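Order of the sequence lines fixes the chain letters, A, B, ..., with proteins taken first and strands second; residue numbering starts at 1 for each chain. These numbers were taken from a predicted model, which means no experiment stands behind them.
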Amino acid sequence: MPPLLEVDDVYAGYGPIEVLKGISLTVDTGEIVALIGANGAGKTSTLLSISGCLPARRGSMRLAGQEIHALPAHEIVHRGICHSPEGRKIFPRLTVLENLQMGAFSRRDKPGIERDLAHAFELFPILAERKHQAGGTLSGGEQQMLAVARAMMGRPKLLLLDEPSLGLAPMIVLKIFEVVRKLNDEGISILLVEQAARMALKLAHRGYVMEMGQITIAGTAAELLTDKRVQDAYLGE
Amino acid sequence: MFPVLLAAAEAPDAWQTFLQYTLIGLSNGALFALVALGYTMVYGIIELINFAHGEVFMLGSFLALALIGVMGLEEAALWQRWLGIGLLFVVVPIFCGALNVGIDLAVYKPLRDAPKLAPLVSAIGVSFVLMNVGLLWGGAADRHFPDLVSRENLLGSEAALSFTYKDLMIVAVTVPIMIALSVFVKGTRLGKAMRATAQDPLAAKLMGINADRVISVTFAIGGALAGAAAVIYGLYINTVSYQMGFTNGLYAFTAAVLGGIGNIPGAVLGGLVIGLARAFGSGYVGERWTSALVFVILIAILVFRPAGLLGTHAREKV
């Protein structure tokens, strides 16, 4: 059986600037894979490229064996990849409920959507309280919860999470990571981009280290946590 | 231009005069608002000021004029007339909506990722092209548009205040359209997708929203509203010309900016403010000062509220 997601030697960039220089990685069904690295290494671009927002110039991407790298972004969502982007990108003047409904835009199964909505409110009770508030009025932590819940509403096979811990209090980060683990237990595979490398690797099954647009180290999470190079560069106490 | 009815000017009571100007202002303003909505909705989605919008409105009124001739509505019986007018309100908006979508697909879409100045200048170009199409179609002189709707005063021929069948037509067409638009944008899946795309295009894509489709729908709705406005304009003012798109487009665009460009209720409010300003201006100050007055109001509002009356945040300058 092919891996759920297979990224094979992908090059991408903005204008003359090449940001991804031959990225290859895989995510198997049921896995959490962490992608760690410094600012500007190309982690966010990798996720954008997978979800079709940054077209790959070379290389290929397959979801469950099917080519997806030439598809438009909205079609990739329909195939089962949902993306909680960097900076959360909540719709500021839509209510919390409308934001979540937008997350389910690619679906038509009303009862399923209702069930997932109830599930999202169960995972993040604060969102239920703020249901009719505009997204832009939420605190940073609440917005991040909304971003994760919104991506989950698409009922993805693969969830792309970009820096869910960025700028948040440790308590809230723990809460969000706990939900990520729950979602994974429910069968959603996850590709997690994080600067908080230690936390990400403790959560993940496997990990990749990115530097200057390339994958430099790959291994199981346990291997990376004990790897000298990773420890020195990303896990420094 | 909207010549203001001065029928009530002789009314002895100052309050009645004021009320009359208000009525005229509101009905003209509703018309501006319909056109302004097309500017504001397109700007909200792709941050383009569609300068060709006024010309779509103009061509719509030319089509309405041609259809009236073909159907022979001037000589028709009353019920046939109403049926024909009803048909105009269906056919012309469809034509204008399709024309607007066509302009987007042919001209703006290839420039979607280009610097913003490129589609903007192209829009001005399209506007000139369409204006010349209008010139070829209708000629350079003002054209008479048949007076199909009665000027009879609904309040009785003796009443000091005048509210005619024409005024009623404006209310009867614009109010339901605006209610339908607001229900569509607030309540439907596609309407929400439209608002989402306007607020954050990248996030909207990540939700699985097909941005191209949302943009086409926006152009279609904006064009259709201009088409409805074109029919009303012809029936109300009874004169159309190839230049009417430019002048009225300018007022409608001003209305959109006044209300806060990109903001739908803002466009309606801006339209009403401009309609009232023009009515009071020509009533109390003098017809020739109305344009100056409208733009003085615009400048004043932009100085004190740069984002417009209902605009939430200052947009990028173009």
Query - Close contacts, residues 107-140 of chain A versus chain B, judged by heavy atoms under 4.5 Å - result: A:R107, A:R108
Query - Interface residues of residues 70-86 of chain A facing chain B - non-hydrogen atoms under 4.5 Å apart - result: A:A73, A:H74, A:V77, A:H78, A:H83, A:P85
Query - Whether over 12 other heavy atoms sit under 6.0 Å from A:K175 NZ - result: yes
Query raised in the report: Above 12 or not: heavy atoms from other molecules or residues under 6.0 Å from CZ of B:F304?
Result: no
Query raised in the report: Taking the side chain as C-beta and beyond, is there a heavy-atom pair between B:M207 and A:F91 under 4.5 Å?
Result: yes
**Report entry** Proximity of residues 212-231 of chain B to chain A, residues having a non-hydrogen atom under 4.5 angstrom
**Finding:** none
Report task. Enumerate the residue pairs fulfilling side-chain hydrogen bond (donor to acceptor under 3.5 Å, both in side chains) with a member in residues 178-191 of chain B, sequence neighbours excluded, ordered by first and then second residue. Result -> none
Report task. Please determine, among A:C53, A:S51, A:A151, A:G103, the option with the most heavy-atom pairs under 4.5 Å with chain B. Result -> A:C53
Separation between [atom1] of [X] and [atom2] of [Y], rounded to the nearest 0.5 Å:
| X | Y | atom1 | atom2 | answer |
| --- | --- | --- | --- | --- |
| A:M102 | B:T197 | CE | OG1 | 8.5 Å |
| B:R195 | A:L94 | CZ | CG | 5.0 Å |
| B:L206 | A:L48 | CG | CG | 7.0 Å |

Query raised in the report: Where is the tightest heavy-atom contact between A:F105 and B:A193, given as atom of each residue plus distance?
Result: CE1-CB, 3.6 Å
Query raised in the report: Quick one: which of A:K89, A:R88, A:R93 gives a side chain to side chain contact (heavy atoms under 4.5 Å, CB included) with B:D200?
Result: A:K89
